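Presented below is the structure to which this report refers.
No experiment lies behind these values; they were computed from the predicted model shown. Numbering starts at 1 and runs along the sequence shown. All values below were derived from every heavy atom in this structure, side-chain atoms included, with hydrogens, water molecules and symmetry-related copies excluded.
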Amino acid sequence: MRIKQKYNDIVPALREELGIKNVMQTPKLEKIVISVGAGEEGKDTKLIQNMADTISLIAGQKALITNAKKSVAGFKAREGSPSGIKVTLRGANMFNFFDKLVSIALPRVKDFRGTPRKGFDGRGNYSFGLQEQLMFPEVEFDKVLKTHGMNINIVTTTENDKEAFLLLEKLGMPFAKGRK
């Protein structure tokens, strides 16, 4: 809950910097969605379950295995077959994951120079990908059948990228140096 306390500490500075008069308009984190595409591994149920267990460990909450809604021959996807894994974090789980991400996992990435600044979608949400799951302390290398990456989407209550960037930067997100 360190990030929740840090958020409470930065609210006055954030409101002043953005010129917000109403406390309820202060940008805040709404949810974090972690997702993994199954790809070719979707055919192997043991591998999919191992990936879901790994994401559950990382998130601190049970991950959901998603199934394909349509059959697409080009992607070799059958309707109803596993197509990915996702977990949506809110509240305390969200703050715990964000804290673990910025203070433990990202600094452990080899040759890490910051998360890309181009991950904003124009509506105040930020997305980026990680190449592997081994940087998280809960993941034991011996229990992982195959390394895989993940997409992390951070959804904020703000409507523009400038406010979202400022919020995430003040919360400790290590953005890459350079222009936005």
Once you round to the nearest 0.5 Å, how far does [atom1] of [X] lie from [atom2] of [Y]?
{"X": "Thr54", "Y": "Met150", "atom1": "OG1", "atom2": "CE", "result": "8.5 Å"}
{"X": "His148", "Y": "Leu47", "atom1": "NE2", "atom2": "CG", "result": "8.0 Å"}
{"X": "Gln49", "Y": "Ile85", "atom1": "CD", "atom2": "CD1", "result": "8.5 Å"}
{"X": "Lys110", "Y": "Glu132", "atom1": "NZ", "atom2": "CD", "result": "10.0 Å"}
{"X": "Ser35", "Y": "Leu64", "atom1": "OG", "atom2": "CG", "result": "11.5 Å"}
{"X": "Met135", "Y": "Leu101", "atom1": "CE", "atom2": "CG", "result": "9.0 Å"}

Please walk me through it: do Lys6 and Val11 pass side chain to side chain contact (heavy atoms under 4.5 Å, CB included)? CA-CA 9 Å; Lys6 189 173 186 177; Val11 164; over 6 Å; no
Looking at every heavy atom in both [X] and [Y], which two are closest together, and how far apart are they?
{"X": "Phe136", "Y": "Ala105", "value": "CE2-CB, 3.6 Å"}
{"X": "Glu138", "Y": "Ile58", "value": "OE1-CA, 4.2 Å"}
{"X": "Gln133", "Y": "Val139", "value": "O-CG2, 3.5 Å"}
{"X": "Gln61", "Y": "Thr88", "value": "NE2-O, 2.7 Å"}
{"X": "Gly60", "Y": "Asn93", "value": "O-ND2, 3.9 Å"}
{"X": "Thr26", "Y": "Thr157", "value": "O-OG1, 3.9 Å"}

Taking the side chain as everything from C-beta on, heavy atoms only, tell me whether [X] gets closer than 4.5 Å to [Y].
{"X": "Lys86", "Y": "Ile65", "result": "no"}
{"X": "Thr158", "Y": "Phe165", "result": "no"}
{"X": "Lys170", "Y": "Tyr7", "result": "no"}
{"X": "Ser103", "Y": "Arg2", "result": "yes"}
{"X": "Val102", "Y": "Pro174", "result": "yes"}
{"X": "Asn22", "Y": "Arg15", "result": "no"}
{"X": "Leu168", "Y": "Phe98", "result": "yes"}

Within the supplied structure, the quantity of interest is the number of heavy atoms (other residues, nucleotides, ligands) at a distance under 6.0 Å from Arg108 CZ; does it exceed 12? yes
Would you kindly confirm whether [X] and [Y] end up in one hydrophobic cluster when ILVMFWY residues are joined by side chain heavy atoms under 4.5 Å apart?
{"X": "Met173", "Y": "Phe112", "result": "yes"}
{"X": "Met24", "Y": "Ile10", "result": "no"}
{"X": "Leu106", "Y": "Val33", "result": "no"}

When Leu89, Val155, Asp99 are each screened for side chain to side chain contact (heavy atoms under 4.5 Å, CB included) with Met94, the one that passes is Leu89
Test side chain to side chain contact (heavy atoms under 4.5 Å, CB included), reference Leu171, set Leu166, Leu14, Leu29, output is Leu29
Q.
I'd like to know if Arg90 pairs up with Glu30 as an ion pair, taking the criterion as any Lys NZ or Arg NE/NH1/NH2 lying under 4.0 Å from an Asp or Glu carboxylate oxygen.
A.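 Answer for the salt bridge query: no.
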query = Should Arg113 and Lys177 be marked as a side chain to side chain contact (heavy atoms under 4.5 Å, CB included) after you check the CA-CA gap, both sets of side-chain angles, and the distance that decides it?
reply = CA-CA 8 Å; Arg113 290 189 175 85; Lys177 301 284 186 258; over 6 Å; no
Can I get a per-line list of side-chain donor-acceptor pairs under 3.5 Å for residues 124-131, giving both atom names and the distance, sequence neighbours left out?
{"residue": "Asn125", "atom": "OD1", "partner": "Thr156", "partner atom": "N", "Å": "3.4"}
{"residue": "Asn125", "atom": "ND2", "partner": "Asp121", "partner atom": "OD2", "Å": "3.1"}
{"residue": "Tyr126", "atom": "OH", "partner": "Thr115", "partner atom": "OG1", "Å": "3.1"}
{"residue": "Tyr126", "atom": "OH", "partner": "Pro116", "partner atom": "O", "Å": "2.4"}
{"residue": "Ser127", "atom": "OG", "partner": "Asn153", "partner atom": "OD1", "Å": "2.7"}

Thr66 side chain vs Gly84 backbone, donor-acceptor pair below 3.5 Å: yes
Begin from the C-alpha positions of Val109 and Asp111 and carry the test side chain to side chain contact (heavy atoms under 4.5 Å, CB included) through to its verdict. CA-CA 6 Å; Val109 174; Asp111 295 335; over 6 Å; no
Exercise for the section: Before giving the answer on side chain to side chain contact (heavy atoms under 4.5 Å, CB included), spell out for Leu18 and Lys162 the whole-Å C-alpha distance, their side-chain angles and the decisive distance to 0.1 Å. Expected result: CA-CA 9 Å; Leu18 295 172; Lys162 179 184 168 241; 4.1 Å; yes
